[in-house]
Amino acid sequence: MDLRIGVLASGRGSNFAALIRAIQEGRLRAEIRVLVSNRKGAGALDIAREHGIPAVFLSPKGYASPEEYDRAIMEVLETYGVNFVALAGYMRYITPGFVQKFRHRMVNIHPALLPSFGGKGMYGIHVHEAVLERGCKVTGVTVHIVDEQYDHGPIVLQRCVPVMEEDTPETLAARVLEQEHQVYAEALQLFAEDRVRVEGLRVRILPKK
Ligand code: GRF
């Protein structure tokens with residue numbers, strides 16, 4: 001499928017930048033039509049502007065409910081002809097109407113091996129702290145399809161990352177992030193090649209044609 005991606009991000013945007021790079025280097029056959037952020041100071045907005053990608057800041061404050069806010073985002077996505085959504089450090093709940101509209105065409109990246117270390121409160125450095133506290137010897141990255149529950153939908157791709165004896169949450173986060181930057185583009189390329197089949201919570205990756 002022709003991927004016309006809308007990226008949603010709340011933070012620094014390194015995964016967004018990695019997607020831009022993957023497209024430039026020909027590893028990802030897609031177009032990023034717009035970057036939308038719910039945070040005014042998000043680094044992702046600057047990255048978009050630097051690359052000539054439309055950057056839209058939408059303040060949640062101006063909307064009466066999360067549903068109304070998501071409707072406004074959907075309007076922006078429609079304006080830019082988006083047919084696929086990539087969440088890249090987007091720190092908001094996606095309302096069911098939004099999930100429904102992009103069913104199986106909205107993905108998220110999570111810095112751990114789901115279904116472990118996901119869900120509410122499991123974001124950013126908290127994930128890596130929890131992994132270390134639990135004494136895990138491996139962690140990793142998950143790209144999954146977004147459904148109505150946090151960090152829950154069908155898993156498209158995962159990659160393991162070793163936990164080292166001397167790791168701090170920060171060193172672990174950095175090692176995981178390096179993999180995130182590879183894996184996200186790989187996962188999206190699978191959609192671009194029409195190789196993703198969703199069967200319940202299971203995703204089948206079809207062989208390359
Ligand atoms: C990443 O660790 C991603 O897995 C998580 O939020 C973080 C975003 O980082 N969902 P960045 O803004 O892409 O640098």
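Atoms within each ligand, like the ligands themselves, are counted from 1 in listed order.
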Item to check | Where ligand 1 meets Ser14 - atom numbers and elements under 4.0 angstrom, heavy-atom basis | outcome: 11 (P), 12 (O), 13 (O), 14 (O)

Next on the checklist: Once side-chain contact (heavy atoms from CB on, under 4.5 Å) is applied, do any residues pair with Ile20, and if so which ones, sequence neighbours excluded?
Outcome noted: Phe16, Gln24, Ile32, Ile47, His51, Ile53

Item to check | Lys209 and Glu193: CA distance, side-chain angles, deciding distance, salt bridge (charged side-chain N to carboxylate O under 4.0 Å, His left out) verdict | outcome: CA-CA 9 Å; Lys209 279 168 212 153; Glu193 293 172 6; over 6 Å; no

Item to check | Shortest protein heavy-atom distance from atom 9 (O) of ligand 1, along with the residue and atom involved | outcome: Arg12 NH2, 3.4 Å

Next on the checklist: Among Ile5, Asp46, Leu8, Leu45, which residue satisfies the side-chain contact (heavy atoms from CB on, under 4.5 Å) criterion with Leu35?
Outcome noted: Leu45

Item to check | Step-by-step salt bridge (charged side-chain N to carboxylate O under 4.0 Å, His left out) determination, Lys101 to Glu78 | outcome: CA-CA 11 Å; Lys101 167 126 195 204; Glu78 184 138 5; 3.1 Å; yes

Checklist entry - Among protein heavy atoms, which lies nearest atom 7 (C) of ligand 1, and at what distance? => result Gly89 CA, 4.2 Å

Checklist outcome for this item: Residue, atom and distance of the protein heavy atom nearest atom 13 (O) of ligand 1 read Asn15 N, 2.8 Å

Checklist entry - Taking the six-membered ring for Trp, are the ring centroids of Tyr123 and His126 within less than 6.0 Å of each other? => result yes

Checklist entry - Is the charged tip of Arg92 near the ring of Tyr69: under 6.0 Å from the six-membered ring centre and within 45° of its axis? => result yes

Checklist entry - In the protein, which heavy atom is nearest to atom 4 (O) of ligand 1, and how far is it? => result Glu180 OE1, 2.5 Å

Checklist entry - Can you list the atoms of ligand 1 that are under 4.0 Å from a heavy atom of Pro111? => result 2 (O), 4 (O)

Checklist entry - Quick one: nearest non-hydrogen protein atom to atom 12 (O) of ligand 1, plus distance? => result Gly13 N, 2.8 Å

Next on the checklist: Please state which option from Ile109, Val141, Ile125 has its nearest heavy atom closest to atom 10 (N) of ligand 1.
Outcome noted: Ile109

